[in-house]
Amino acid sequence: MIKITFPDGSIREYNKGINSLEIAEQISPRLAREVYSATVNGEVWDLSRPIDNDATLKLNKWEDEEGKHAFWHSSAHLMAEALEALYPGMKFGIGPAIEQGFYYDVDPGEAVITESDLPAIENKMKELASKNEVYSRRSVSKKEALDLFTKKGDEYKTELISELTDGTITLYTQGNFTDLCRGPHLPSTEPMKAIKLISVAGAYWRGNEKRKMLTRIYGITFPKQKLLDEYLVFLEEAKKRDHRKIGRELELFTFSPKVGMGLPLWMPKGADIRQNLINFLTGVLRKRGYKIVATPHIGNVNLYKTSGHFEKYGADSFQPISTPQEGEQFMLKPMNCPHHCEIYNATPHSYKDLPLRMAEFGTVYRYEQSGELHGLTRVRSFTQDDAHLYCRPDQLREEFKGIIDLILYIFRILNFNDFTAQVSLRDPNNKQKYIGSDENWERAEQDIIQAAAEKGLQTTVVTGEAAFYGPKLDFMVKDAIGRKWQLGTIQVDYNLPERFDLVYNGSDNQKHRPVMIHRTIFGSMERFVAVLIENTIGKFPLWLAPEKAVILPISEKFNDYALKVLEILNNSDICTLIDERSEKIGKKIRDNELKRIPYLLIIGEKEVENGTIAVRKQGEGDKGSMKVEEFVSFINSEINKEIAL
RNA sequence: GCCGAUGUAGCUCAGUUGGCCAGAGCAGCUGAUUUGUAAUCUGCAGGUCGGGGGUUCGAAUCCCUUCAUCGGCUCCA
C-alpha cells in the first residue's frame with residue numbers, strides 16, 4: 001500500500017502502482033471525466049502513469065493551468081497526426097501548448113500550407129479525435145530514438161534527440177503518430193470535443209533567423225463546443241478594442257504612406273490626450289524632485305560612438321545625416337541618455353547635490369524592421385517619458401524603490417491593475433553580448449532584485465533579456481488579445497557614467513563615479529496611449545478625455561441659450577462642443593454617444609426656462625438637470641477624484 | 001528582414017467562371033423638417049478597383065513586379 005496526500009491535506013491509502021485516473025474514478029466518476037493531468041510530488045504526470053511510492057497528488061482539471069496544458073499539448077500531437085495523414089512525409093519541429101492553445105512547427109517540404117487548408121486539417125483532427133485514440137508513453141534509449149526518427153527522415157527530431165541525455169527520452173504514441181515528447185498527455189483524444197485552427201505563420205527553426213523557416217500552425221481546442229464559441233466571441237470582441245480601429249474611429253491618430261511607415265501622426269484629439277498625460281506626469285515629477293530638460297532631435301555621430309550605441313546599433317539605425325561640411329555626421333537620436341549625460345557634465349557636481357533626477361519627454365527615432373511595426377505600439381518615431389537619475393552608489397537602492405513607487409502610483413491612477421513585473425538579467429553564457437565589468441553587473445543585478453523584494457513587488461526573473469549595458473525591471477501590460485507590451489522600465493547602468501567620464505566630488509574631496517538609472521513610466525506616449533485605448537475601449541477617464549461634454553439643443557430655437565452655456569463651460573476650462581445640426585435629439589444622442597464624449601448636455605424649453613442643463617452621462621443615461629455652475633463644480637470634483645490618490 | 005494572407009469611395013463591405021458607363025449602407029454636402037434621451041425624409045457629390053508592367057478584342061477579376069497593411073517569426077538601445 002502507498003499513502004497519497006491530497007491538496008487539502010487528507011491522506012488515503014491505495015495499492016502500489018495505481019494511477020491518478022483510477023484514484024480520480026474512486027473519488028467520483030465525474031471527476032475522472034474532468035481531470036486531464038496529475039501533479040505528483042510537484043511534477044506534472046500523465047493520469048495513466050503508475051504511482052509506486054507515497055506521494056502528494058493534485059488532480060488537474062480544465063480550470064488548472066496544468067490541466068489545460070496537457071489538453072492543448074495533446075491537441076498539438078493530434079494536429080500532427082492529422083498533418084501526417086494529409087501530407088505524407090511532412091517533418092515535425094516542436095509543438096507545445098501556449099497560453100491560449102497550442103502550435104506545431106512543421107516543414108511541409110514542397111507543399112505550402114495556407115489558412116484555406118486549415119478546415120481540412122481541422123476535420124481530419126475531429127475524425128481522429130472521435131476514434132478515442134489512446135496516448136501511450138514509452139521510455140526509449142537514445143539510440144532507439146535516433147534510429148526511429150532517422151528512419152523516418154525527420155532531421156528536426158534527430159537534432160533534438162542528439163542534445164538529450166540517454167535515459168531521459170520518452171516517446172508518446174497515439175493512433176499512427178509517434179512523437180518525441182516529455183509529456184504529459186491526456187489518457188486519450190476523447191475529451192477533445194471542439195477544435196479550431198486559428199492561423200498559420202512562419203517561424204524560424206529554434207528561433208534562429210539563420211536557420212530554416214518552418215510553418216507554424218496555431219490552434220485551440222476545448223472540451224465543450226460552448227467554450228470554443230465563447231472563445232471565438234472573445235476574439236471578435238477583442239478586435240473591437242483594437243487601438244488601431246478605435247484610433248481611426250475617434251480620430252486620435254493616423255499614419256500616412258507619404259510621411260512614412262511607422263511614423264505616427266497625432267490628430268487633435270489624440271494630441272490632447274497625449275498632452276494631458278504629459279502635463280499630469282510633469283506635475284508629479286516636479287513634486288518628486290525631477291528637473292525637466294530638453295535636448296535636440298539629432299546628435300553628432302561621435303556622441304553615440306562615445307556611448308557605445310553606434311557600435312551596437314549603428315548599422316541597423318537610420319543612417320547618419322551628412323552636412324555640407326566634409327566628414328561631419330549627425331544621427332537622429334535613438335535615445336536621450338547621451339544628451340543627458342552631457343548636461344550632467346556641463347556643471348560640476350558635489351555628493352551633496354545627488355541624486356540628480358533629469359527628465360525629458362524626448363522624441364526618439366529607431367529604425368525598426370518593417371515587419372515589426374504595429375499600430376502605435378511599435379513605431380519608428382516615439383516620445384519617451386524618459387528620465388535619468390544620477391546618484392551615489394549608496395543611494396541606488398532607495399532611488400530604485402522610489403521609481404517603483406512612482407510607477408505603481410501612476411498605474412493605479414490609470415487603473416492598470418493587470419500588469420506583470422519582469423526582472424531582466426544578462427545571459428551568463430553569452431557575456432560578449434553585453435558591455436561592462438562582471439563586478440558591476442553583479443552589483444546592478446543584486447540591487448534590482450533587492451529593491452523589488454523590499455517593495456514587495458511580485459516579479460518574474462528572465463535571463464538573457466537585459467539591455468546590453470545593464471539589467472532592468474520592466475512593467476508589462478497586455479493588449480486586447482493578450483499580447484504583452486513593455487511600458488515602464490527601470491534600468492541600472494554603471495557603463496555610461498564611465499564612457500562619459502561622469503564624476504562628482506565626494507566628502508573626501510576625491511572624484512567619484514555616479515551610478516545612472518534609466519527609467520520610463522509610460523514607456524512611450526505612443527505605446528501607452530495604445531494600451532490605454534485597448535483598456536478603456538476609447539472611454540477615457542474624464543481628466544484625459546479631449547472633450548468633456550457636448551451640448552445638444554433639442555431644436556434650433558434653443559441655440560442662443562446653448563451658445564451661452566457653451567461659452568461658460570469653455571471659459572471654465574471644460575472643453576465643450578455643441579451639436580447644432582437640425583437633427584432629432586435621438587440622433588444627436590446616438591452620434592455623440594458613439595464619439596465617447598463623457599457628458600451630453602441636453603437643452604430644450606424646460607432648461608431655458610429654468611436656467612439649467614439636462615445631464616446625460618455617456619454609457620449610463622440621463623442624470624437629471626442641474627445649473628451650469630453646479631455642472632462646472634461637479635466636473636471639477638470628478639476630475640479631482642480621478643487624479644487624487 | 002523572413003513566412004503566409006489581404007488591398008474596391010473617408011469608414012464597413014457587394015461585385016458570379018474576365019464582358020453593358022464599378023454598386024450599397026454609414027459619414028459628407030443640398031433642401032425640407034424644429035424635433036425631449038441611441039438612427040426623420042429628399043437630392044447631390046464622391047473611386048486612375050494600392051502603384052507599375054504584362055496576357056487578352058476586352059482586366060477590379062488572370063500573370064509578374066512593387067508598395068502598404070494584417071497574423072506570426074526574428075529584433076526591440
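Everything quoted here is computed from the prediction, not taken from an experiment. Reckoned from all heavy atoms, side chains included, excluding hydrogens, waters and symmetry mates. Every chain is numbered from 1, with letters handed out A, B, ... down the list of sequences.
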Point to revise | Between P of B:rU69 and CG of A:L376, the distance in whole Å | key: 13 Å
Practice item. Figure out the CZ/P separation between A:R483 and B:rC76, and round it to whole Å. Key: 19 Å
**Study point:** Separation of the P atoms in B:rG72 and B:rU66, to the nearest angstrom
**Key:** 25 Å
Practice item. For B:rG10 versus B:rG46, give the span between their C1' atoms, rounded off to a whole number of Å. Key: 10 Å
Study note, to complete from the structure: Pairing partner of B:rG4, by Watson-Crick or G-U wobble and under 3.5 Å for both distances, is B:rC70
Side-chain donor/acceptor pairs under 3.5 Å, residues 251-273 of chain A, sequence neighbours excluded:
{"residue": "A:S256", "atom": "OG", "partner": "A:K258", "partner atom": "N", "Å": "3.0"}
{"residue": "A:S256", "atom": "OG", "partner": "A:V259", "partner atom": "N", "Å": "3.2"}
{"residue": "A:W266", "atom": "NE1", "partner": "A:E526", "partner atom": "OE2", "Å": "3.3"}

Practice item. Taking only Lys NZ, Arg NE, NH1 and NH2, and the carboxylate oxygens of Asp or Glu, determine whether A:K333 and A:E360 approach each other closer than 4.0 Å. Key: yes
**Study point:** Salt bridge present between A:D591 and A:R581 (N-O < 4.0 angstrom)
**Key:** yes
Check your understanding: Are A:Y434 and A:Y469 near enough that their ring centres are under 6.0 Å apart?
Key -> no
**Study point:** nucleotides 33-42 of chain B: protein proximity per nucleotide (B base, S sugar-phosphate only, - neither; heavy atom, under 4.0 Å)
**Key:** BBBBBBBB--
Review point. Going 5' to 3' along nucleotides 3-12 of chain B, which nucleotides have protein heavy atoms under 4.0 Å from the base (write B), which only from the sugar-phosphate (write S), and which from neither (write -)?
Key: BSS-----SS
Check your understanding: Above 12 or not: heavy atoms from other molecules or residues under 6.0 Å from CD of A:E249?
Key -> yes
Revision key, fill the gap. Picking from B:rC76, B:rA77, B:rC73, the nucleotide nearest the side-chain atoms of A:H309 would be B:rA77
